[in-house]
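Inspection log for the structure reproduced underneath, given as structure tokens.
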Amino acid sequence: QSVLTQPLSVSGAPGQRVTISCTGSSSNIGSGYDVHWYQQLPGTAPKLLIYGNDNRPSGVPDRFSGSKSDTSASLAITGLQAEDEADYYCQSFDISMTAVFGGGTKVTVL
Amino acid sequence: VHLAESGGGVVQRGGSLRLSCTASGFIFGDFAMHWVRQAPGKGLEWLTFMRYDGSQSHSVDSVKGRFTISRDNSKGTLYLQMSNLRPEDTAVYYCAKGSGGYGHVQLDSWGQGTLVTVSS
């Protein structure tokens, strides 16, 4: 069982908007630690998608956006595309000085 | 930035293995480094990190006392010494670069991973 809670799966048609929630607690996200998001395409290593709650690394399309509030965070994908089909993970830190991941969400493009 | 893990393989329960992660394309000694694993068909599990200067490290409870992270900044290499391995340690092990010198930042680059299989 992961420290951060994510839905197992979300799906949407091409062009639609989907969101992935990431719920933590007062010992991690709620303690003020930033939330980061990673995309893992099938058979590949994870890639940083969003950092510092709502920042995109260079090269990440602006259809990906992040937000954080209290003890939770969200990743939104607008204008869903076929190549967005992947697993997505949220990550933060805990007051125990350990990093924590969500269980991952599989995004399916219908 | 390039990270290349090596040292994975098949090991029996109770055995030991040392993973290496060779870094290039950045000043290795300026950044914290992490190990993350992924069991077959499962999600990511963070294991441990070490500060840029090697002065501090932290690990998840499930590997404390069994896994030890270390680094050689002169060689640009990160290590993970694993002992008393269990079948549940079977996973792809990734090394990842922190975006700063300390632990609580994002992991901005990842290696391709090395597979560790622990047989019972």
Side-chain angles (χ1 to χ4, degrees), chain A residues 1-9 20 22 24 27-29 31-60 66 68 73 75 86-106, chain B residues 1-6 8 19 21 23 26 31-51 55-64 67 69 88 91-115:
Chain A
Q1 189 170 346
S2 302
V3 174
L4 305 180
T5 301
Q6 298 180 231
L8 279 177
S9 64
I20 301 171
C22 174
S27 67
N28 40 68
I29 298 175
S31 286
Y33 288 112
D34 287 340
V35 177
H36 318 296
W37 291 90
Y38 303 87
Q39 178 193 58
Q40 187 176 32
L41 297 169
T44 69
K47 167 193 150 185
L48 180 65
L49 190 69
I50 296 287
Y51 68 94
N53 306 316
D54 56 7
N55 300 286
R56 286 184 307 276
S58 173
V60 172
K68 174 192 165 184
L75 173 72
D87 294 323
Y88 293 82
Y89 296 89
C90 60
Q91 179 248 315
S92 186
F93 282 86
D94 192 88
I95 57 176
S96 61
M97 291 300 292
T98 59
V100 289
F101 279 102
T105 299
K106 182 176 180 59
Chain B
V1 174
H2 185 67
L3 300 170
E5 302 92 340
S6 60
L19 306 183
C21 170
F26 65 102
F31 295 93
M33 295 295 295
H34 300 246
W35 287 101
V36 177
R37 71 182 177 185
Q38 186 169 35
K42 303 296 185 182
L44 301 175
E45 179 185 18
W46 179 86
L47 296 178
T48 183
F49 89 90
M50 176 165 273
R51 275 178 48 159
S55 65
Q56 190 178 62
S57 65
H58 290 277
S59 302
V60 68
D61 284 348
S62 61
V63 304
K64 279 181 182 175
F67 292 10
I69 187 173
E88 55 264 37
V92 173
Y93 285 71
Y94 296 101
C95 67
K97 170 186 167 289
S99 65
Y102 302 88
H104 54 284
V105 289
Q106 64 271 20
L107 310 182
D108 60 15
S109 296
W110 296 62
Q112 285 307 298
T114 187
L115 176 63

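Here is the naming used below: chain letters follow the sequence lines, and residue numbers restart at 1 for every chain.
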Candidate pair Val63(B) and Trp35(B), rule side-chain contact (heavy atoms from CB on, under 4.5 Å), full reasoning: CA-CA 11 Å; Val63(B) 304; Trp35(B) 287 101; over 6 Å; no
Chi angles and distances behind the side-chain contact (heavy atoms from CB on, under 4.5 Å) call for Phe49(B), His58(B): CA-CA 6 Å; Phe49(B) 89 90; His58(B) 290 277; 3.7 Å; yes
Leu3(B) and Met33(B): CA distance, side-chain angles, deciding distance, side-chain contact (heavy atoms from CB on, under 4.5 Å) verdict: CA-CA 11 Å; Leu3(B) 300 170; Met33(B) 295 295 295; 3.9 Å; yes
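Around NZ of Lys64(B), the count of heavy atoms belonging to other residues, nucleotides or ligands within 6.0 Å exceeds 12.
In terms of non-hydrogen atom pairs under 4.5 Å with chain A, the most contact-rich of His34(B), Gln38(B), Gln112(B), Lys42(B) is Gln38(B). Annotation: maximal heavy-atom pairing with chain A below 4.5 Å, among Val92(B), Val60(B), Asp108(B), Val105(B), occurs at Val105(B). Taking Lys47(A), Gln91(A), Gln40(A) one by one and counting their heavy-atom pairs under 4.5 Å with chain B, the maximum is reached by Gln40(A). In terms of heavy-atom pairs under 4.5 angstrom with chain B, the leader among Gly102(A), Pro57(A), Ala99(A) is Ala99(A).
Residue contact with chain B, scored on non-hydrogen atoms closer than 4.5 Å, involves the backbone of Thr44(A) exclusively. Contacts between Ser99(B) and chain A at a heavy-atom distance below 4.5 Å are absent for every atom of the residue.
Glu5(B) places a side-chain N or O within donor-acceptor distance of the main-chain N or O of Gly113(B), the cut-off being under 3.5 Å.
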